[in-house]
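A quick write-up on the structure given underneath.
Worth knowing before you read on, the calculation uses all heavy atoms, side chains too, and leaves out hydrogens, waters and symmetry mates. To find a chain, count down the sequence lines: A is the first, B the second, and so on, and within it residues start at 1.
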Amino acid sequence: MTIHEPFTEEVKTDEIFLSRLMPGEDLFASLKKIAKDHGIGRGIILSAIGSLKNVVFVNVRPHTGIPVKTEDMIEIEEAGPFELLSLEGNFFPSQEDGEPVIHLHAILGTSSGAVTGGHLLKARVFTPAEIILGTLAGSSVYKVKSDVTQRMELLKK
Amino acid sequence: MTIHEPFTEEVKTDEIFLSRLMPGEDLFASLKKIAKDHGIGRGIILSAIGSLKNVVFVNVRPHTGIPVKTEDMIEIEEAGPFELLSLEGNFFPSQEDGEPVIHLHAILGTSSGAVTGGHLLKARVFTPAEIILGTLAGSSVYKVKSDVTQRMELLKK
Amino acid sequence: MTIHEPFTEEVKTDEIFLSRLMPGEDLFASLKKIAKDHGIGRGIILSAIGSLKNVVFVNVRPHTGIPVKTEDMIEIEEAGPFELLSLEGNFFPSQEDGEPVIHLHAILGTSSGAVTGGHLLKARVFTPAEIILGTLAGSSVYKVKSDVTQRMELLKK
(Lines give C-alpha, C1' and ligand atoms only; values in the text may rest on other atoms or scores of the structure.)
Protein backbone atom coordinates (compact mmCIF):
# COMPACT_ATOMS: atom_id res chain seq x y z
CA MET A 1 0.00 0.00 0.00
CA THR A 2 1.23 3.53 -0.75
CA ILE A 3 1.15 6.57 1.54
CA HIS A 4 -1.55 8.09 -0.70
CA GLU A 5 -4.46 5.78 0.10
CA PRO A 6 -6.93 5.77 2.95
CA PHE A 7 -6.90 2.69 5.21
CA THR A 8 -8.38 1.36 8.43
CA GLU A 9 -6.69 -1.32 10.54
CA GLU A 10 -7.80 -2.89 13.81
CA VAL A 11 -5.36 -2.44 16.70
CA LYS A 12 -5.24 -3.05 20.45
CA THR A 13 -4.41 -0.65 23.28
CA ASP A 14 -3.91 -3.32 25.95
CA GLU A 15 -0.79 -1.66 27.35
CA ILE A 16 -1.26 1.77 28.90
CA PHE A 17 1.44 3.83 30.60
CA LEU A 18 1.08 6.68 33.08
CA SER A 19 4.10 9.00 33.10
CA ARG A 20 5.06 12.13 34.96
CA LEU A 21 7.54 14.44 33.25
CA MET A 22 9.33 16.95 35.46
CA PRO A 23 10.03 20.69 35.02
CA GLY A 24 12.65 21.41 32.39
CA GLU A 25 12.37 18.09 30.57
CA ASP A 26 12.32 18.22 26.77
CA LEU A 27 8.85 16.91 25.87
CA PHE A 28 9.89 15.15 22.65
CA ALA A 29 13.08 13.62 24.06
CA SER A 30 11.25 12.40 27.17
CA LEU A 31 8.42 10.80 25.20
CA LYS A 32 10.96 9.13 22.93
CA LYS A 33 12.85 7.80 25.95
CA ILE A 34 9.66 6.43 27.54
CA ALA A 35 8.77 4.70 24.27
CA LYS A 36 12.20 3.10 24.05
CA ASP A 37 12.53 2.18 27.74
CA HIS A 38 9.15 0.45 27.75
CA GLY A 39 9.29 -1.07 24.28
CA ILE A 40 6.33 0.95 22.98
CA GLY A 41 6.69 0.88 19.22
CA ARG A 42 3.44 2.59 18.31
CA GLY A 43 1.22 4.67 20.55
CA ILE A 44 -1.16 7.56 21.08
CA ILE A 45 -1.58 10.26 23.70
CA LEU A 46 -4.74 9.22 25.57
CA SER A 47 -4.57 12.08 28.08
CA ALA A 48 -2.15 14.86 28.98
CA ILE A 49 -2.32 17.65 31.50
CA GLY A 50 0.25 20.05 32.95
CA SER A 51 1.99 23.13 31.58
CA LEU A 52 4.67 23.87 28.99
CA LYS A 53 7.27 26.57 28.29
CA ASN A 54 9.69 27.40 25.46
CA VAL A 55 7.31 26.16 22.81
CA VAL A 56 7.75 26.26 19.04
CA PHE A 57 4.79 25.36 16.85
CA VAL A 58 3.63 25.82 13.26
CA ASN A 59 0.34 26.50 11.52
CA VAL A 60 -0.48 26.80 7.82
CA ARG A 61 -1.37 30.03 6.04
CA PRO A 62 -4.94 30.50 4.81
CA HIS A 63 -5.49 29.27 1.23
CA THR A 64 -2.45 27.00 1.35
CA GLY A 65 -2.73 24.16 -1.17
CA ILE A 66 -1.20 20.73 -1.54
CA PRO A 67 1.75 20.20 -1.88
CA VAL A 68 2.37 22.32 1.23
CA LYS A 69 5.44 24.53 0.75
CA THR A 70 7.82 25.47 3.54
CA GLU A 71 6.83 29.14 3.22
CA ASP A 72 3.18 28.19 3.85
CA MET A 73 4.08 27.00 7.35
CA ILE A 74 4.27 29.84 9.87
CA GLU A 75 6.50 29.11 12.85
CA ILE A 76 5.73 30.71 16.21
CA GLU A 77 8.10 30.64 19.19
CA GLU A 78 6.84 31.58 22.66
CA ALA A 79 8.53 31.52 26.06
CA GLY A 80 5.31 30.97 28.00
CA PRO A 81 4.68 29.29 30.34
CA PHE A 82 1.26 28.08 29.24
CA GLU A 83 -1.28 25.68 30.66
CA LEU A 84 -1.24 22.60 28.43
CA LEU A 85 -4.95 22.45 27.59
CA SER A 86 -4.76 19.63 25.09
CA LEU A 87 -2.08 17.39 23.61
CA GLU A 88 -3.09 15.17 20.73
CA GLY A 89 -0.83 12.91 18.80
CA ASN A 90 0.85 9.65 18.13
CA PHE A 91 4.17 8.00 17.44
CA PHE A 92 5.15 5.35 14.94
CA PRO A 93 8.58 3.98 13.99
CA SER A 94 10.42 5.60 11.12
CA GLN A 95 10.72 3.22 8.18
CA GLU A 96 14.30 4.42 7.71
CA ASP A 97 15.80 3.66 11.12
CA GLY A 98 12.99 2.44 13.42
CA GLU A 99 13.28 5.52 15.68
CA PRO A 100 9.96 6.81 17.08
CA VAL A 101 8.52 9.66 14.98
CA ILE A 102 6.45 11.78 17.35
CA HIS A 103 3.60 13.87 15.88
CA LEU A 104 2.01 16.25 18.39
CA HIS A 105 -0.54 19.08 18.29
CA ALA A 106 -0.74 21.25 21.42
CA ILE A 107 -3.30 23.76 22.65
CA LEU A 108 -2.04 26.29 25.18
CA GLY A 109 -3.83 28.69 27.55
CA THR A 110 -2.64 32.26 28.10
CA SER A 111 -3.26 34.59 31.03
CA SER A 112 -5.72 36.72 29.01
CA GLY A 113 -7.90 33.67 28.53
CA ALA A 114 -6.95 33.48 24.86
CA VAL A 115 -5.81 30.13 23.56
CA THR A 116 -2.93 29.47 21.15
CA GLY A 117 -1.32 26.40 19.64
CA GLY A 118 -0.40 24.39 16.60
CA HIS A 119 1.67 21.52 15.29
CA LEU A 120 4.30 21.26 18.01
CA LEU A 121 8.00 21.27 17.15
CA LYS A 122 9.63 21.90 20.53
CA ALA A 123 8.53 22.29 24.16
CA ARG A 124 9.83 21.99 27.68
CA VAL A 125 7.82 20.90 30.69
CA PHE A 126 6.94 23.73 33.11
CA THR A 127 4.93 22.23 35.99
CA PRO A 128 4.84 18.41 36.00
CA ALA A 129 3.07 16.85 33.02
CA GLU A 130 0.80 13.86 33.63
CA ILE A 131 0.66 11.87 30.41
CA ILE A 132 -1.19 8.64 29.65
CA LEU A 133 0.06 6.77 26.59
CA GLY A 134 -1.82 3.95 24.91
CA THR A 135 0.07 1.43 22.81
CA LEU A 136 -1.23 0.43 19.37
CA ALA A 137 -0.48 -3.29 19.26
CA GLY A 138 -1.23 -5.12 16.05
CA SER A 139 -0.46 -2.13 13.86
CA SER A 140 1.86 -2.59 10.89
CA VAL A 141 2.30 1.10 10.21
CA TYR A 142 5.58 3.00 9.76
CA LYS A 143 6.32 6.67 9.10
CA VAL A 144 7.95 7.88 5.89
CA LYS A 145 8.55 11.36 4.47
CA SER A 146 5.97 12.47 1.91
CA ASP A 147 6.95 14.69 -1.00
CA VAL A 148 3.35 15.88 -1.20
CA THR A 149 2.67 17.07 2.35
CA GLN A 150 6.31 17.66 3.38
CA ARG A 151 5.50 15.67 6.52
CA MET A 152 6.08 12.18 7.83
CA GLU A 153 3.05 10.15 6.75
CA LEU A 154 1.77 6.69 7.68
CA LEU A 155 3.02 3.84 5.50
CA LYS A 156 0.90 0.71 5.93
CA LYS A 157 2.70 -2.41 4.76
CA MET B 1 -35.29 5.98 30.87
CA THR B 2 -35.93 9.38 29.28
CA ILE B 3 -33.43 11.67 27.57
CA HIS B 4 -33.72 14.07 30.52
CA GLU B 5 -31.99 12.03 33.22
CA PRO B 6 -28.32 11.57 34.03
CA PHE B 7 -26.95 8.03 33.76
CA THR B 8 -23.72 6.08 33.86
CA GLU B 9 -23.23 2.74 32.13
CA GLU B 10 -20.18 0.51 31.96
CA VAL B 11 -18.86 -0.15 28.46
CA LYS B 12 -15.82 -1.76 26.80
CA THR B 13 -13.42 -0.34 24.22
CA ASP B 14 -11.86 -3.67 23.23
CA GLU B 15 -11.95 -2.88 19.53
CA ILE B 16 -9.82 0.03 18.38
CA PHE B 17 -9.37 1.19 14.79
CA LEU B 18 -6.59 3.30 13.28
CA SER B 19 -7.69 5.11 10.12
CA ARG B 20 -6.06 7.47 7.69
CA LEU B 21 -8.33 9.81 5.76
CA MET B 22 -6.94 11.39 2.61
CA PRO B 23 -6.99 14.98 1.29
CA GLY B 24 -10.43 16.06 0.08
CA GLU B 25 -12.40 13.40 1.96
CA ASP B 26 -15.59 14.56 3.69
CA LEU B 27 -14.85 14.00 7.39
CA PHE B 28 -18.39 13.04 8.40
CA ALA B 29 -19.06 10.78 5.40
CA SER B 30 -15.71 9.03 5.84
CA LEU B 31 -16.24 8.40 9.56
CA LYS B 32 -19.73 7.07 8.83
CA LYS B 33 -18.34 4.75 6.15
CA ILE B 34 -15.63 3.45 8.49
CA ALA B 35 -18.25 2.79 11.18
CA LYS B 36 -20.44 0.87 8.73
CA ASP B 37 -17.63 -1.04 6.99
CA HIS B 38 -16.22 -2.26 10.30
CA GLY B 39 -19.50 -2.79 12.13
CA ILE B 40 -18.76 -0.13 14.76
CA GLY B 41 -22.16 0.77 16.18
CA ARG B 42 -21.01 3.07 18.95
CA GLY B 43 -17.64 4.74 19.35
CA ILE B 44 -15.49 7.65 20.43
CA ILE B 45 -12.60 9.59 18.94
CA LEU B 46 -9.62 8.50 21.04
CA SER B 47 -7.07 10.52 19.06
CA ALA B 48 -7.05 12.62 15.90
CA ILE B 49 -4.34 14.63 14.21
CA GLY B 50 -3.99 16.19 10.77
CA SER B 51 -5.49 19.27 9.16
CA LEU B 52 -8.90 20.34 7.84
CA LYS B 53 -10.34 22.76 5.27
CA ASN B 54 -13.82 24.02 4.28
CA VAL B 55 -15.07 23.83 7.84
CA VAL B 56 -18.48 24.90 9.15
CA PHE B 57 -19.02 25.01 12.89
CA VAL B 58 -21.41 26.57 15.41
CA ASN B 59 -21.13 28.11 18.86
CA VAL B 60 -23.81 29.50 21.16
CA ARG B 61 -24.31 33.19 21.93
CA PRO B 62 -23.49 34.44 25.44
CA HIS B 63 -26.47 34.28 27.85
CA THR B 64 -28.29 31.68 25.73
CA GLY B 65 -30.76 29.70 27.82
CA ILE B 66 -32.43 26.32 27.52
CA PRO B 67 -34.28 25.54 25.27
CA VAL B 68 -31.58 26.63 22.81
CA LYS B 69 -33.15 28.44 19.86
CA THR B 70 -31.82 28.29 16.31
CA GLU B 71 -30.96 32.01 16.42
CA ASP B 72 -28.77 31.41 19.49
CA MET B 73 -26.44 29.23 17.43
CA ILE B 74 -23.90 31.23 15.43
CA GLU B 75 -22.63 29.46 12.34
CA ILE B 76 -19.12 30.16 11.07
CA GLU B 77 -17.77 28.99 7.72
CA GLU B 78 -14.05 29.12 6.98
CA ALA B 79 -12.02 27.93 4.01
CA GLY B 80 -8.84 27.29 6.02
CA PRO B 81 -6.84 25.13 5.91
CA PHE B 82 -6.26 24.74 9.63
CA GLU B 83 -4.20 22.38 11.74
CA LEU B 84 -6.65 20.04 13.48
CA LEU B 85 -5.54 20.60 17.06
CA SER B 86 -8.25 18.56 18.75
CA LEU B 87 -11.21 16.48 17.65
CA GLU B 88 -13.54 15.27 20.38
CA GLY B 89 -16.69 13.34 19.86
CA ASN B 90 -18.66 10.19 19.54
CA PHE B 91 -21.19 8.36 17.41
CA PHE B 92 -24.25 6.38 18.35
CA PRO B 93 -27.01 4.88 16.18
CA SER B 94 -30.09 6.97 15.50
CA GLN B 95 -33.15 5.45 17.16
CA GLU B 96 -35.10 6.24 14.03
CA ASP B 97 -33.10 4.42 11.38
CA GLY B 98 -29.97 3.00 13.04
CA GLU B 99 -27.67 5.28 11.01
CA PRO B 100 -24.58 6.57 12.90
CA VAL B 101 -25.17 10.04 14.39
CA ILE B 102 -21.76 11.71 14.56
CA HIS B 103 -21.21 14.45 17.16
CA LEU B 104 -17.88 16.26 16.80
CA HIS B 105 -16.21 19.32 18.34
CA ALA B 106 -13.08 20.57 16.57
CA ILE B 107 -10.32 22.98 17.58
CA LEU B 108 -8.37 24.54 14.74
CA GLY B 109 -5.06 26.43 14.61
CA THR B 110 -4.56 29.52 12.46
CA SER B 111 -1.36 31.04 11.10
CA SER B 112 -1.48 33.94 13.59
CA GLY B 113 -1.32 31.44 16.43
CA ALA B 114 -4.97 32.12 17.33
CA VAL B 115 -7.20 29.13 17.77
CA THR B 116 -10.80 28.77 16.56
CA GLY B 117 -13.42 26.04 16.60
CA GLY B 118 -16.80 24.82 17.72
CA HIS B 119 -19.45 22.17 17.23
CA LEU B 120 -18.49 20.85 13.79
CA LEU B 121 -21.07 20.60 11.00
CA LYS B 122 -18.89 20.10 7.92
CA ALA B 123 -15.21 19.63 7.12
CA ARG B 124 -12.91 18.22 4.49
CA VAL B 125 -9.54 16.64 5.11
CA PHE B 126 -6.57 18.80 4.06
CA THR B 127 -3.37 16.85 4.84
CA PRO B 128 -3.99 13.21 5.84
CA ALA B 129 -5.89 12.76 9.10
CA GLU B 130 -4.74 10.04 11.50
CA ILE B 131 -7.75 9.01 13.57
CA ILE B 132 -8.03 6.38 16.29
CA LEU B 133 -11.58 5.26 17.07
CA GLY B 134 -12.54 3.26 20.14
CA THR B 135 -15.71 1.20 20.09
CA LEU B 136 -18.13 1.33 23.01
CA ALA B 137 -19.26 -2.29 23.31
CA GLY B 138 -21.91 -3.07 25.88
CA SER B 139 -23.66 0.28 25.46
CA SER B 140 -27.43 0.32 24.95
CA VAL B 141 -27.58 3.98 23.98
CA TYR B 142 -29.27 5.46 20.91
CA LYS B 143 -29.58 9.07 19.69
CA VAL B 144 -32.91 10.86 19.44
CA LYS B 145 -33.82 14.50 18.70
CA SER B 146 -34.50 16.59 21.82
CA ASP B 147 -37.09 19.37 21.75
CA VAL B 148 -35.24 21.01 24.63
CA THR B 149 -31.69 21.30 23.31
CA GLN B 150 -32.53 21.10 19.57
CA ARG B 151 -29.81 18.45 19.34
CA MET B 152 -29.60 14.68 19.10
CA GLU B 153 -29.35 13.43 22.69
CA LEU B 154 -28.51 10.06 24.21
CA LEU B 155 -31.47 7.76 24.85
CA LYS B 156 -30.58 4.95 27.21
CA LYS B 157 -33.00 2.04 26.98
CA MET C 1 9.57 7.91 45.59
CA THR C 2 9.13 11.68 46.05
CA ILE C 3 6.83 14.00 44.12
CA HIS C 4 9.89 15.54 42.44
CA GLU C 5 10.96 12.64 40.21
CA PRO C 6 9.74 11.50 36.82
CA PHE C 7 8.21 8.02 36.65
CA THR C 8 6.36 5.71 34.30
CA GLU C 9 4.06 2.92 35.48
CA GLU C 10 2.01 0.44 33.49
CA VAL C 11 -1.73 0.60 34.12
CA LYS C 12 -4.93 -0.90 32.66
CA THR C 13 -8.07 0.86 31.44
CA ASP C 14 -10.26 -2.25 31.37
CA GLU C 15 -13.23 -0.48 32.92
CA ILE C 16 -14.78 2.33 30.90
CA PHE C 17 -17.84 4.34 31.87
CA LEU C 18 -20.16 6.40 29.68
CA SER C 19 -21.99 9.12 31.60
CA ARG C 20 -24.46 11.81 30.73
CA LEU C 21 -24.55 14.86 32.99
CA MET C 22 -27.65 17.02 32.84
CA PRO C 23 -28.12 20.83 32.61
CA GLY C 24 -27.25 22.61 35.83
CA GLU C 25 -25.12 19.84 37.33
CA ASP C 26 -21.86 20.88 38.98
CA LEU C 27 -19.19 19.26 36.80
CA PHE C 28 -16.73 18.54 39.61
CA ALA C 29 -19.33 17.28 42.10
CA SER C 30 -20.92 15.05 39.46
CA LEU C 31 -17.62 13.51 38.37
CA LYS C 32 -16.72 12.91 42.03
CA LYS C 33 -20.08 11.22 42.62
CA ILE C 34 -19.67 8.99 39.55
CA ALA C 35 -16.21 7.99 40.74
CA LYS C 36 -17.52 7.10 44.19
CA ASP C 37 -20.73 5.38 43.04
CA HIS C 38 -18.83 3.14 40.62
CA GLY C 39 -15.72 2.57 42.73
CA ILE C 40 -13.39 4.30 40.25
CA GLY C 41 -10.34 5.22 42.29
CA ARG C 42 -8.17 6.52 39.49
CA GLY C 43 -9.23 7.57 36.02
CA ILE C 44 -8.88 9.78 32.99
CA ILE C 45 -11.26 11.65 30.71
CA LEU C 46 -11.16 9.65 27.46
CA SER C 47 -13.76 11.79 25.69
CA ALA C 48 -16.09 14.65 26.59
CA ILE C 49 -18.53 16.67 24.55
CA GLY C 50 -21.37 19.03 25.41
CA SER C 51 -21.46 22.60 26.69
CA LEU C 52 -20.68 24.42 29.95
CA LYS C 53 -21.73 27.61 31.76
CA ASN C 54 -20.62 29.51 34.87
CA VAL C 55 -17.00 28.57 34.37
CA VAL C 56 -14.01 29.66 36.44
CA PHE C 57 -10.53 28.83 35.17
CA VAL C 58 -6.93 29.95 35.70
CA ASN C 59 -3.90 30.45 33.51
CA VAL C 60 -0.35 31.49 34.41
CA ARG C 61 1.19 34.86 33.60
CA PRO C 62 3.97 35.01 31.00
CA HIS C 63 7.47 34.59 32.49
CA THR C 64 6.14 32.92 35.64
CA GLY C 65 8.80 30.78 37.30
CA ILE C 66 8.79 27.86 39.70
CA PRO C 67 7.68 27.95 42.50
CA VAL C 68 4.44 29.31 41.02
CA LYS C 69 3.03 32.06 43.27
CA THR C 70 -0.67 32.69 43.78
CA GLU C 71 -0.38 36.10 42.08
CA ASP C 72 1.03 34.42 38.97
CA MET C 73 -2.25 32.59 38.45
CA ILE C 74 -4.88 34.72 36.69
CA GLU C 75 -8.43 33.67 37.42
CA ILE C 76 -11.15 34.24 34.82
CA GLU C 77 -14.87 33.85 35.49
CA GLU C 78 -17.34 33.69 32.61
CA ALA C 79 -21.09 33.08 32.50
CA GLY C 80 -21.06 31.54 29.03
CA PRO C 81 -22.54 29.26 27.88
CA PHE C 82 -19.74 27.80 25.80
CA GLU C 83 -19.37 24.71 23.66
CA LEU C 84 -17.08 22.32 25.53
CA LEU C 85 -14.49 21.74 22.81
CA SER C 86 -12.05 19.69 24.87
CA LEU C 87 -11.85 18.38 28.41
CA GLU C 88 -8.58 16.82 29.47
CA GLY C 89 -7.77 15.51 32.86
CA ASN C 90 -7.62 12.85 35.47
CA PHE C 91 -8.47 12.00 39.05
CA PHE C 92 -6.48 10.26 41.75
CA PRO C 93 -7.21 9.77 45.44
CA SER C 94 -5.88 12.34 47.88
CA GLN C 95 -3.22 10.84 50.11
CA GLU C 96 -4.76 12.71 53.04
CA ASP C 97 -8.31 11.42 52.96
CA GLY C 98 -8.72 9.21 49.87
CA GLU C 99 -11.20 11.63 48.25
CA PRO C 100 -10.91 11.96 44.44
CA VAL C 101 -8.75 14.95 43.41
CA ILE C 102 -10.03 16.05 40.01
CA HIS C 103 -7.62 17.89 37.69
CA LEU C 104 -9.28 19.28 34.56
CA HIS C 105 -8.29 21.57 31.68
CA ALA C 106 -11.14 22.84 29.52
CA ILE C 107 -11.25 24.49 26.09
CA LEU C 108 -14.37 26.50 25.33
CA GLY C 109 -15.82 27.90 22.09
CA THR C 110 -17.35 31.37 21.89
CA SER C 111 -19.85 32.78 19.40
CA SER C 112 -17.19 34.89 17.66
CA GLY C 113 -15.28 31.73 16.86
CA ALA C 114 -12.57 32.59 19.38
CA VAL C 115 -11.59 29.91 21.83
CA THR C 116 -10.88 30.37 25.55
CA GLY C 117 -10.00 28.09 28.44
CA GLY C 118 -7.58 27.06 31.14
CA HIS C 119 -7.12 25.01 34.27
CA LEU C 120 -10.74 24.55 35.33
CA LEU C 121 -11.87 25.40 38.87
CA LYS C 122 -15.66 25.46 38.52
CA ALA C 123 -18.27 24.76 35.85
CA ARG C 124 -21.89 23.82 35.42
CA VAL C 125 -23.31 21.70 32.64
CA PHE C 126 -25.33 23.67 30.04
CA THR C 127 -26.59 21.17 27.43
CA PRO C 128 -26.06 17.52 28.38
CA ALA C 129 -22.43 16.45 28.65
CA GLU C 130 -21.42 13.06 27.25
CA ILE C 131 -18.35 11.92 29.13
CA ILE C 132 -16.35 8.71 28.77
CA LEU C 133 -14.10 7.88 31.73
CA GLY C 134 -11.36 5.27 31.66
CA THR C 135 -10.17 3.73 34.91
CA LEU C 136 -6.45 3.39 35.62
CA ALA C 137 -6.27 0.00 37.32
CA GLY C 138 -2.89 -1.10 38.63
CA SER C 139 -1.79 2.44 39.49
CA SER C 140 -0.34 3.09 42.94
CA VAL C 141 -0.46 6.87 42.62
CA TYR C 142 -1.97 9.35 45.09
CA LYS C 143 -2.23 13.15 45.03
CA VAL C 144 -0.46 15.37 47.55
CA LYS C 145 -0.01 19.15 47.76
CA SER C 146 3.34 20.39 46.43
CA ASP C 147 5.06 23.38 48.01
CA VAL C 148 6.87 23.94 44.72
CA THR C 149 4.02 24.11 42.21
CA GLN C 150 1.22 25.04 44.67
CA ARG C 151 -0.78 22.23 43.08
CA MET C 152 -1.74 18.68 43.92
CA GLU C 153 0.97 16.48 42.40
CA LEU C 154 1.25 12.73 41.82
CA LEU C 155 2.85 10.74 44.64
CA LYS C 156 3.95 7.31 43.48
CA LYS C 157 4.48 4.92 46.38
Inset, instruction - Might you point out which heavy atoms bring B/T127 and A/R151 nearest each other, and give the distance in Å? - result: OG1-NH1, 3.8 Å

Legend entry - Side chain, backbone, both or neither of A/L120 within contact of chain B (heavy atoms, under 4.5 Å): neither

Legend entry - Rounded distance (nearest 0.5 Å) linking atom OG of B/S112 with atom CG of A/N59: 8.0 Å

Legend entry - Under 4.5 Å from any heavy atom of chain B - which part of A/I44: side chain

Inset, instruction - Please state whether the side chain, the backbone, both or neither of B/S86 comes within less than 4.5 Å of a heavy atom of chain A. - result: both

Inset, instruction - Could you look at B/L46 and say if it's the side chain, the backbone, both or neither that has a heavy atom under 4.5 Å from chain A? - result: both

Inset, instruction - Determine the minimum heavy-atom distance between A/L154 and B/E130, stating which atoms define it. - result: CD1-CG, 3.6 Å

Inset, instruction - Under 4.5 Å heavy-atom distance to chain A, tell me which part of B/I34 shows up: side chain, backbone, both or neither. - result: side chain

Inset, instruction - Can you measure from CD (A/E9) to CG (B/L18) and round to the nearest 0.5 angstrom? - result: 5.0 Å

Inset, instruction - Kindly say whether B/E83 contributes a backbone atom to a donor-acceptor pair with the side chain of A/H119 at under 3.5 angstrom? - result: no

Legend entry - Atom group of A/I76 that falls short of 4.5 Å from chain B, counting heavy atoms: side chain

Inset, instruction - Working to the nearest 0.5 Å, report the span between CZ of B/R20 and CD of A/E153. - result: 7.0 Å

Legend entry - Whether A/T116 side chain and B/G113 backbone form a donor-acceptor pair below 3.5 Å: yes

Inset, instruction - Determine the minimum heavy-atom distance between B/P81 and A/R61, stating which atoms define it. - result: CD-O, 3.8 Å

Legend entry - Distance-minimising heavy-atom pair for B/L84 and A/H105: O-ND1, 2.6 Å

Inset, instruction - Indicate yes or no: at least one non-hydrogen side-chain atom of B/S19 is less than 4.5 angstrom from one of A/P6. - result: no

Inset, instruction - Select one option (side chain, backbone, both, neither) describing which atoms of A/S139 are under 4.5 Å from chain B's heavy atoms. - result: side chain

Legend entry - Residue selection (most heavy-atom pairs with chain A, distance under 4.5 Å) from B/L21, B/T13, B/V115, B/I107: B/V115

Inset, instruction - Compare all side-chain heavy atoms of B/I16 with those of A/V11 and state whether any distance is below 4.5 angstrom. - result: yes

